[in-house]
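Given the structure is predicted, the values throughout are model-derived calculations rather than measurements.
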Amino acid sequence: MGDGWWGSGERPQKNEDARVRPFHIEASEEDNKDLHQRLDRTRYVTPLEEAQFHYGFPGTELQKIVSYWRGEYDWGKQVETLNRYPHYKTTIEGLDVHFVHVKPPHLPPGQKAVPLLLVHGWPGSFYEFYRIIPLLTEPGKHGLDPKVTFEVICPSIPGYGFSEAPHKQGFDAVAAARIFYKLMLRLGFSQFYLQGGDWGSLITTTLSQMRPEAVKGLHLNLLLMSNRGLRMLLCILLGRHLPWLVGLTREDVRRLFPYFEKSVYAVLRESGYLHIQATKPDTARL
């Protein structure tokens with residue numbers, strides 16, 4: 001499983017602060033005022049005529065979004081909604097890791113709640129689980145079997161939401177899985193269930209492989225098969241014109257490439273953001 005240090009500077013000699021600290025989301029008037037001032041200074045670029053969204057997000061549409069965000073969006077109400085459940089932070093491998101921890105409010109005597117770690121993806125956050133949390137922690141109230149009641153932990157992946165971003169290069173799904181495993185141990189869970197989607201799918205799958213004795217069950221709403229990624233990419237790029245080079249027959253080309261042109265090529269055309277974030281993340285943060 002290894003170990004890591006993703007905090008700023010050198011790893012200190014003393015033991016890490018293992019306290020779990022309550023956290024409250026706030027949006028001060030100063031923060032809102034600063035945001036409004038920056039929105040008011042936004043400079044919009046005139047989009048190409050009739051381009052719609054084919055070349056990216058057009059400035060005319062962005063103006064509508066900014067106008068709503070600036071004048072109609074109720075920040076106070078959203079902060080109140082976010083604080084509906086208890087939030088915490090704890091330091092793991094040099095990072096302040098944020099998470100939501102919801103315990104069943106009405107658990108019968110003698111019944112134990114089932115610990116469940118829910119991991120979000122991109123562009124997501126812990127908030128995507130808010131609507132399902134009541135069904136998991138109070139199933140009887142919603143017409144579900146109360147004999148299966150969950151205690152829910154929803155962490156923010158480091159660099160997302162209110163979790164501190166890594167200060168070192170090389171942070172990956174293995175590091176995230178290890179940090180979340182340490183989080184569950186810190187909360188007192190040696191065995192637990194997992195749910196993941198998008199990046200959360202990769203992180204929870206990795207955690208299941210790292211510590212299978214700790215994971216009692218894994219549920220995914222996105223299945224990733226990364227071991228064929230490079231070969232599949234080469235097939236896509238070279239297969240139509242040089243099928244023999246990547247081990248394809250003419251029949252393979254006849255069957256595969258109509259699908260590639262409709263689906264895979266469309267994904268490549270619409271995933272410029274992914275290439276920038278994967279190769280030049282500091283540029284995207286400027």
Side-chain angles (χ1 to χ4, degrees), residues 4 6-8 34-35 38-39 41-70 93-98 119-128 155-180 196-206 220-240 259-286:
W6 306 99
S8 180
D34 176 66
L35 174 61
R38 284 186 285 155
L39 292 176
R41 292 195 298 268
T42 302
R43 296 182 179 182
Y44 301 97
V45 176
T46 303
L48 297 174
E49 295 179 2
E50 301 180 1
Q52 299 179 351
F53 284 84
H54 296 301
Y55 286 80
F57 208 101
T60 50
E61 294 298 319
L62 183 59
Q63 282 182 278
K64 299 176 185 178
I65 301 297
V66 170
S67 177
Y68 166 74
W69 201 13
R70 171 66 174 85
E93 298 190 8
L95 299 177
D96 280 346
V97 179
H98 161 264
V119 184
H120 66 88
W122 187 95
S125 71
F126 60 89
Y127 180 69
E128 63 192 56
S156 295
I157 301 172
Y160 291 68
F162 299 101
S163 280
E164 185 178 1
H167 297 267
K168 304 285 192 295
Q169 300 178 49
F171 190 87
D172 56 12
V174 172
R178 185 177 61 241
I179 285 175
F180 290 163
D198 196 80
W199 280 119
S201 172
L202 181 58
I203 292 169
T204 53
T205 299
T206 303
L220 305 174
N221 57 285
L222 175 66
L223 183 61
L224 298 171
M225 298 181 67
S226 58
N227 62 327
R228 296 184 179 181
L230 179 58
R231 185 176 186 277
M232 181 61 69
L233 180 60
L234 289 174
C235 286
I236 294 171
L237 297 176
L238 303 176
R240 174 178 284 281
Y259 164 77
F260 284 153
E261 289 173 355
K262 289 181 180 179
S263 302
V264 179
Y265 289 162
V267 171
L268 292 175
R269 283 195 302 269
E270 298 298 329
S271 57
Y273 73 92
L274 179 63
H275 188 69
I276 292 175
Q277 292 175 350
T279 59
K280 299 292 184 291
D282 276 350
T283 298
R285 292 192 299 177
L286 290 176

Are there over 12 heavy-atom neighbours, none belonging to [X], within less than 6.0 Å of that residue's [atom1]?
| X | atom1 | result |
| --- | --- | --- |
| Lys280 | NZ | no |
| Trp6 | CH2 | yes |
| Tyr55 | OH | no |

Given 3.5 Å as the limit, does a donor-acceptor pair link the side chain of [X] with the main chain of [Y], or not?
| X | Y | answer |
| --- | --- | --- |
| Thr205 | Leu202 | no |
| Glu128 | Ser125 | yes |
| Ser163 | Ser156 | yes |

Quick check: closest heavy atoms across [X] and [Y], and the distance to 0.1 Å?
| X | Y | answer |
| --- | --- | --- |
| Ile157 | His120 | N-NE2, 3.1 Å |
| Glu164 | Leu95 | OE1-CA, 3.5 Å |
| Gly121 | Tyr160 | O-CE2, 3.8 Å |
| Gly197 | Asn221 | CA-OD1, 3.4 Å |
| Asp198 | Trp122 | OD2-N, 2.8 Å |
| Pro155 | Val119 | CG-CG2, 4.5 Å |

*Under the side chain to side chain contact (heavy atoms under 4.5 Å, CB included) test, which residues partner Ser67, sequence neighbours left out?*
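Side chain to side chain contact (heavy atoms under 4.5 Å, CB included) check on Ser67 returns nothing, list empty.
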_Nearest 0.5 Å, please: how far is CD1 in Ile65 from OG1 in Thr60?_
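So the gap between those two atoms works out to 10.5 Å.
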*Does some side-chain heavy atom of Thr204 sit less than 4.5 Å from a side-chain heavy atom of Phe180?*
no
*With sequence neighbours excluded, tell me which residues meet salt bridge (Lys or Arg N to Asp or Glu O under 4.0 Å) with Asp172.*
none
